[in-house]
Amino acid sequence: MESFESESLPKQDIQKEINIILLGETGSGKSTLINYLTNYFHNGKPGNLKIAIPTKHHVATEGLKHHEDNVQDASKSQTRACAVYNFRKQDTIFNFIDTPGLSDTEGVVQDDFNIQQIMGAAEQSGLLTAIILVINGTQARATVTLRNTLCLLRSSIPDVLLQNLVVVLTNCSAASVNFDMSHLKPWTVPEANVFHMNNCAFSRPVSQWINNERMKKAVEKEWECSMETIDELIQNLTQLGGKATEAFTQMRMKRDRIKSQLHSVLLEVKKFQGLQNELDVMKITQKSISTDIKKYSDYKRTKQVEITEFEQCDYYSSICSVCSNACSENVANVNPFQLIIGTVLNAFPKLNMAFNMINSFLSFSEPLCNCNHPLNRHYNAKVRPVKKTNTVEEILQDVKNAYDQSVRKNEEIQSKIGNLDSDIAAVKYVLDGKEAEILQCCHELKNLCSQFNFVDELQGIFDIMERDARTLTSTVARTDAEKRIRNIKHVADTLSSAGKGG
């Protein structure tokens, strides 16, 4: 934003500085109003016009820089950037901030860019005395472009500055105006802040009327009325108190924060999707492992084993220590040594084993018993062998190894699932926090600007969020994302609807 001073004034002589911003749709007459102000402060006349901003019929005369484009094309905003025109009256400096026109043929993107420039210029001014809304007074009804312009402005002007709203209706007088002020609702502008100004002096070249006495008188009469209107406007501006533009800063910060958090929500939702996909894979894997655990859990087998046990009895028998058979029962002549041997061997199995090992060396020269084992492998004892069947348990080691491996894998998967559940819970917590902050910022922005249009402001990013939500392959992530979008959209719709009136 550049500042173009029309006259220098020593700082020590300046007692008051008034900042005014001009707003309006393309072709409403903002630049023409600057030229009228230039003539008012520079004592211009119909035959000696002072031109700050070139027009279709007049070249610039004051040597001031400007940001005008092709002045022959009325469909496009001629002012391409905000510019400050400084004028002085006695000890007061008037800073008029000219802004790009809204709702021209370059569309929504250009409007958004221009609004950002306008709000930035208002914010930089520090103290704003008035917002002048320039409207073509010949319009009998609010056109589409004017309605769009008003919608943009309602979302851009904080409530604290609405008391300093001034309307200048161009191309008309108080008697010929067609514009109905009710189109500005819910804004209400005091009658003392509404001015009418016919800008016919700039609508045609001087050569068309300078030699025509009747036309000359008409132009001079309109000029006199316009200068009186400008004087009344200046008097009005000196009486309005300045308002700090901190509200513009707060609005900008809230808008940026909302958009930043919405974009952050998009990234967190994608993170949620990745974690949920991984969790789904883990659960499928766990289900497969659980099947394996069940499959390999039967790694124990039972079988029937025949064993020989010795029971005490009342008679002596010759017992084979190899096959545990009773080779002869009720032995008549019992060898005392065999009896002692038999008793000891039955009492001490380890000795029995040693006995067998020693006798194995003697078995090659000993005669055989009926059981085909050497006689020295036999002993006499008051016992008889009894065949019994026992049930024993055996482990199928290969199956058990598969079972143990599946159990280990299941524990690992369960640990990973637990970690993923924690990560997903953390992401949802972050999303909850961002959603809450977005909603809080919306309410705070609504308090700053009751006419703020959240739907218009956020529709673009809502479209992106809904599009991205449709690409989510996890049902859980998609349901969560769609729910959050609905919550934020509902608040945006509610707040926007609450600001409508008239």
Exercise. Would you say the side-chain atoms of S415 pair up with the backbone N or O of E411, donor to acceptor, closer than 3.5 Å?
Worked result: no
Problem set entry | Shortest non-hydrogen contact from E482 toward A469 | CG-CB, 4.3 Å
For this session: Would you mind reporting whether I424 and V476 have side-chain heavy atoms less than 4.5 Å apart?
Result: no
Exercise. Backbone N or O of G29 within a donor-acceptor pair of the N136 side chain at under 3.5 Å?
Worked result: no
Exercise. Are I118 and I21 close enough that some pair of their side-chain heavy atoms sits under 4.5 Å apart?
Worked result: yes
Exercise. Does R257 offer a backbone N or O that forms a donor-acceptor pair with the side chain of S260 under 3.5 Å?
Worked result: no
Exercise. Is there a donor-acceptor pair under 3.5 Å between the side chain of N211 and the backbone N or O of S207?
Worked result: no
For this session: State which residues pass ring pair (Phe, Tyr, Trp, His ring centres under 6.0 Å) with F452; sequence neighbours excluded, sorted by chain then number.
Result: F454
Exercise. So with a 6.0 Å cut-off around NZ of K45, is the heavy-atom count from everything else above 12?
Worked result: no
Exercise. With a 4.5 Å limit on heavy-atom distance, are the side chains of L445 and L495 in contact?
Worked result: no
Exercise. Just by modelled atom types, is the S103 backbone N or O under 3.5 Å from a matching donor or acceptor in the D111 side chain?
Worked result: yes
Exercise. G101 and T26: which non-hydrogen atoms are nearest, and at how many Å?
Worked result: C-OG1, 3.5 Å
Exercise. Is the side chain of S176 donor-acceptor paired with the backbone N or O of C172 at a distance under 3.5 Å, no angle test?
Worked result: no
Exercise. Tell me, do Q405 and Y296 make a side-chain contact under 4.5 Å, heavy atoms counted?
Worked result: no
For this session: Start with the C-alpha gap between Y403 and V407, add the side-chain angles, then the distance that decides, and say whether side chain to side chain contact (heavy atoms under 4.5 Å, CB included) holds.
Result: CA-CA 6 Å; Y403 172 83; V407 169; 3.8 Å; yes
For this session: Answer yes or no: is there a donor N or O on one side and an acceptor on the other, between the side chain of N193 and the main chain of N164, under 3.5 Å?
Result: no
Exercise. Under 3.5 Å, is there a donor-acceptor pair between the N171 and T138 side chains?
Worked result: no
Exercise. Can a salt bridge be assigned to the pair K254 and E457 using a cut-off of 4.0 Å between side-chain N and carboxylate O?
Worked result: no
For this session: Mind running side chain to side chain contact (heavy atoms under 4.5 Å, CB included) on F179 and M181 for me, showing each step along the way?
Result: CA-CA 6 Å; F179 184 78; M181 291 292 291; 4.2 Å; yes
Problem set entry | Interatomic distance, L146 atom CG to L102 atom CG [nearest 0.5 angstrom] | 10.5 Å
For this session: Take T32 and T170 through the side chain to side chain contact (heavy atoms under 4.5 Å, CB included) test and state the conclusion after the steps.
Result: CA-CA 9 Å; T32 300; T170 60; over 6 Å; no
Exercise. Hey, is the main chain of L240 close enough, under 3.5 Å, to the side chain of T129 for a donor-acceptor pair?
Worked result: no
For this session: Taking atom types as modelled, find out whether D280 and Q276 have a side-chain donor-acceptor pair closer than 3.5 angstrom.
Result: yes
Exercise. So among R484, K489, R486, which one has a salt bridge (Lys or Arg N to Asp or Glu O under 4.0 Å) with E466?
Worked result: K489
For this session: Check whether the side chains of E232 and N236 place a donor and an acceptor atom closer than 3.5 Å, and report yes or no.
Result: no
Exercise. Between N35 (side chain) and A52 (backbone), is there a donor-acceptor pair under 3.5 Å?
Worked result: yes
Problem set entry | Side-chain donor/acceptor of K16 to backbone N/O of T238, under 3.5 Å | yes
For this session: Please name the pair of heavy atoms, one in L127 and one in G242, separated by the smallest distance, quoted to 0.1 Å.
Result: CD1-C, 4.0 Å
For this session: Over all heavy atoms of both residues, which pair between N277 and S474 is shortest? Give the atoms and the distance, please.
Result: OD1-CB, 3.7 Å
Exercise. Do M251 and C449 pass the side chain to side chain contact (heavy atoms under 4.5 Å, CB included) test, and can you show the C-alpha distance, the side-chain angles, and the key distance before you say yes or no?
Worked result: CA-CA 8 Å; M251 285 182 63; C449 179; 3.8 Å; yes
Exercise. Are any non-hydrogen side-chain atoms of Q117 and T99 less than 4.5 angstrom apart?
Worked result: no
For this session: Give a yes-or-no answer on whether the side chains of Q273 and T473 include a donor-acceptor pair shorter than 3.5 Å.
Result: yes
Exercise. Is R408 salt-bridged to E412, cutoff N-O under 4.0 Å?
Worked result: no
For this session: Could you tell me whether the side chain of W223 reaches within less than 4.5 Å of the side chain of L49, counting heavy atoms only?
Result: yes
Seminar exercise, completed: Distance col, row T38:OG1 vs I53:CD1, nearest 0.5 angstrom, shows 7.0 Å
Exercise. With side chains defined as the heavy atoms from C-beta onward, is the minimum distance between I157 and L23 less than 4.5 Å?
Worked result: yes
Exercise. If we only count heavy atoms from C-beta on, is the L150 to L133 side-chain gap below 4.5 Å?
Worked result: yes
Exercise. Measuring from I461:CD1 to L262:CG, what's the distance to the nearest 0.5 Å?
Worked result: 4.5 Å
For this session: Output every pair passing salt bridge (Lys or Arg N to Asp or Glu O under 4.0 Å) with a member in residues 146-175, not counting sequence neighbours, ordered by first then second residue.
Result: none
Seminar exercise, completed: Taking every heavy atom of D292 against every heavy atom of S406, the minimum-distance pair comes out as CB-OG, 3.6 Å
For this session: State the CZ-CG distance between F272 and D480, to the nearest 0.5 angstrom.
Result: 4.5 Å
Exercise. Partners of T249 by side chain to side chain contact (heavy atoms under 4.5 Å, CB included), sequence neighbours excluded?
Worked result: E123, E246, R252, M253
Exercise. Are side-chain N/O atoms of N114 and Q110 paired as donor and acceptor at under 3.5 Å?
Worked result: yes
Problem set entry | Gap between atom NZ of K287 and atom NZ of K283 - 0.5 Å precision | 12.0 Å
Exercise. Can you name the closest pair of heavy atoms from C82 and P100 and give their distance?
Worked result: SG-CD, 3.8 Å
Seminar exercise, completed: Of Y40, F41, F87, the one forming a ring pair (Phe, Tyr, Trp, His ring centres under 6.0 Å) with F94 is F41
Problem set entry | Salt bridge present between K400 and D404 (N-O < 4.0 angstrom) | yes
Seminar exercise, completed: CG (L128) and NZ (K243) are apart, to the nearest 0.5 Å, by 11.0 Å
